[in-house]
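Right, one structure below, let's go through it.
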Amino acid sequence: MVVFRTAPYGSIYSFEGLENVVMMAAYEQDLTVLFIDDGVLALKKGMDNAATGIKDFSPTFKALEPVYDVEKLYIDGDSLKARGLTLDDLIIQPEVIAADQVDKMMEDQRNTMIF
Amino acid sequence: MVVFRTAPYGSIYSFEGLENVVMMAAYEQDLTVLFIDDGVLALKKGMDNAATGIKDFSPTFKALEPVYDVEKLYIDGDSLKARGLTLDDLIIQPEVIAADQVDKMMEDQRNTMIF
Amino acid sequence: MLHMINKSPFESNSLEDCLRYASDGSPILLYEDGIYGALAGSALEARMKEIMAKHDVYVLKEDVALRGIEKLIDGVKEVDYSGFVGLVEENKAASW
Amino acid sequence: MLHMINKSPFESNSLEDCLRYASDGSPILLYEDGIYGALAGSALEARMKEIMAKHDVYVLKEDVALRGIEKLIDGVKEVDYSGFVGLVEENKAASW
Amino acid sequence: MKFGILILEGPYQHEASDSAYNFAKAAVEKGHEISRVFFYQDGVLNATKLMDVQRDDRHIQERWTDLSKEHGIEYIVCVAAAKRRGIVDEVVAENFKIGGLGMLTDLAIEADRLVTFRA
Amino acid sequence: MKFGILILEGPYQHEASDSAYNFAKAAVEKGHEISRVFFYQDGVLNATKLMDVQRDDRHIQERWTDLSKEHGIEYIVCVAAAKRRGIVDEVVAENFKIGGLGMLTDLAIEADRLVTFRA
């Protein structure tokens, strides 16, 4: 299981976490990906890197399900709400879960990496 | 002016900030050093690095005044108190100031580096 | 002083720490992940409005665009890198 | 799950974030700058006691010694690296 | 048990690689197997043999190399992360190997416990 | 005005060096002088010429070198910080120079404004 909890761009956690998900998707049919805390911000629509040249990796997040067959995508609803966002603001619509489901989700997987 | 606001050891900000202070002390007679927020933790007495091998740099903090002639040492009293510490817990006793003096202290110096 | 904040206030206390020291009237620049402090409708909006009663709050346009943020809290001022340089012309800078 | 916290709770929200997700009864390990959460007499002590009503809280001894901390909040358990390994034997681990 | 270790930060700047080293050492001393240590993100910077450290400080790369020699632990440095940070074959120290991200996937699947050390 | 820039984090891992670059560029475009860019802590990692970047991403070291060539900006890489991180003369890119911490002190005294880019 891979968890995104860091904001994109300020640090590389989100981007290199995503490169890792793409790789895992090729091996692991049952891969679970979860977005929580500032990690939800990586899915914001409308990113524009023209002025900074920093690589925009949101197309790869968008491709997770259709191209890389990652179907188990989840997001913490409270994290979204705290940031004034809804699923409509995002480039993909992961299944919304409640925070108290997370510990068990991690427990049910062999290993968890948090980026 | 050099400000320490980061906890020691978890990151190198405190240690390399201190190396910079030692260098500045040789050039700048009027150097001001301020400890705020988690930066006050770098002055805790009783550090023991035997089990980790990570360099204990507290002797250099102790030497700032007697060896390197840095006389303008200040500390935010509220930062200490919030962490359950008093001046007696520290290896040196900087002059205690209030938080609302800090902005003007920075303004009065040519430049400020925060570590 | 210009107080520069580059960490998400949802994750880091650097903005609140800085405010303990910043004099009323000193400008605050949110850049890098700091710009998330200006998200309209967030749980921090009420707090940001309190802050804006005492400080001019700026966000760096390029970092806002990079992150796809459209709706900023009313009254937050956008500056581009040239405006950022302008703020540093007018003020000494502290990076928290 | 063993929840591992390595950032100072005076500066980072990682401990509070983690607690939103951690099930009651899951152990928490404070290491690196995370150990400052266990400082006796701090402004966080009351909050840590609430947390300890639901979670066993451990601190890594080597990091406590490195930082010269003597007085820990009552009830915090000290483990050395061997004890840290023991906690990971008993629990899957999440690093926040 | 089979442990896997994932390191996401560079030496000296953060304590992460110190913690990872001490954890790895304690785990092998307790009789566990470390299947692999995977260096990712700035973690790849642990692998440079060009590190030159003051005498009174620990030498993080040499310490890793010694631990691997003593216990036969495999160190993999992520090629993609390493490239963009200037960690190439010529500068990689003894007992570190550059390898693909797939070796992190393998580790996550194979290890009984994967422990991440990060900022 | 004379600007000084201090960079405390490495490329790619943090946005700090991107912000510093964009700030420096905007400052010279507005007619300011950049007295010096000082690379300290993990900031020294910006200077490695071994960086090898995917085609669709910015090449942080080359971008710095180009900016210096165009505007004659001096880049100093702190020798103490560089040594412990494996940044030595052989890997330092064009227009970067390894120098002592005293050059940061000079900069702090000389520059009208010193701006730090950090984590």
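All of these numbers come straight from a predicted model, not from anything done at the bench. Each chain gets a letter, A, B and so on, in the order its sequence line appears, and its residues count up from 1.
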Contacting region of D:Leu66 [heavy-atom separation from chain B under 4.5 Å]: both

For D:Tyr31, which atoms come within 4.5 Å of any heavy atom of chain B: side chain, backbone, both, or neither? neither

Does B:Gln101 reach the main-chain N or O of B:Ala98 with its side chain, forming a donor-acceptor pair under 3.5 Å? yes

If you count heavy-atom pairs within less than 4.5 Å of chain B, which of D:Ala43, D:Gly41, D:Ala65 leads? D:Ala65

If you tally heavy-atom pairs under 4.5 Å between each of D:Glu32, D:Lys61, D:Glu11, D:Lys71 and chain B, the highest tally belongs to D:Glu11

On the 0 to 90° scale, with breaks at 30° and 60°, tag the B:Phe35-B:Phe4 ring pair as parallel, tilted or perpendicular. parallel

Pair count under 4.5 Å, heavy atoms only, with chain D: among B:Lys44, B:Lys45, B:Lys81, highest is B:Lys44

Looking at chain D, which one of B:Thr52, B:Asp37, B:Leu41 has the largest number of heavy-atom pairs inside 4.5 Å, strictly under? B:Leu41

Checking B:Phe57 against B:Tyr9 for the ring-ring contact (aromatic ring centres under 6.0 Å, His included) test, could you report, in this order, the C-alpha distance in whole Å, the side-chain angles of both residues, the deciding distance, and whether it holds? CA-CA 10 Å; B:Phe57 46 93; B:Tyr9 303 115; 5.1 Å; yes

Test side chain to side chain contact (heavy atoms under 4.5 Å, CB included) applied to D:Val57 and D:Ile51, D:Leu15, D:Leu29, the passing residue: D:Ile51

Assess the side chains of B:Thr6 and B:Asp38: does a donor N or O sit below 3.5 Å from an acceptor N or O? no

When the 4.5 angstrom heavy-atom criterion is applied to B:Ser11 and chain D, the contacting part is backbone

Would one find more than 12 heavy atoms of other residues, nucleotides or ligands at under 6.0 Å from atom CG of D:Asp74? no

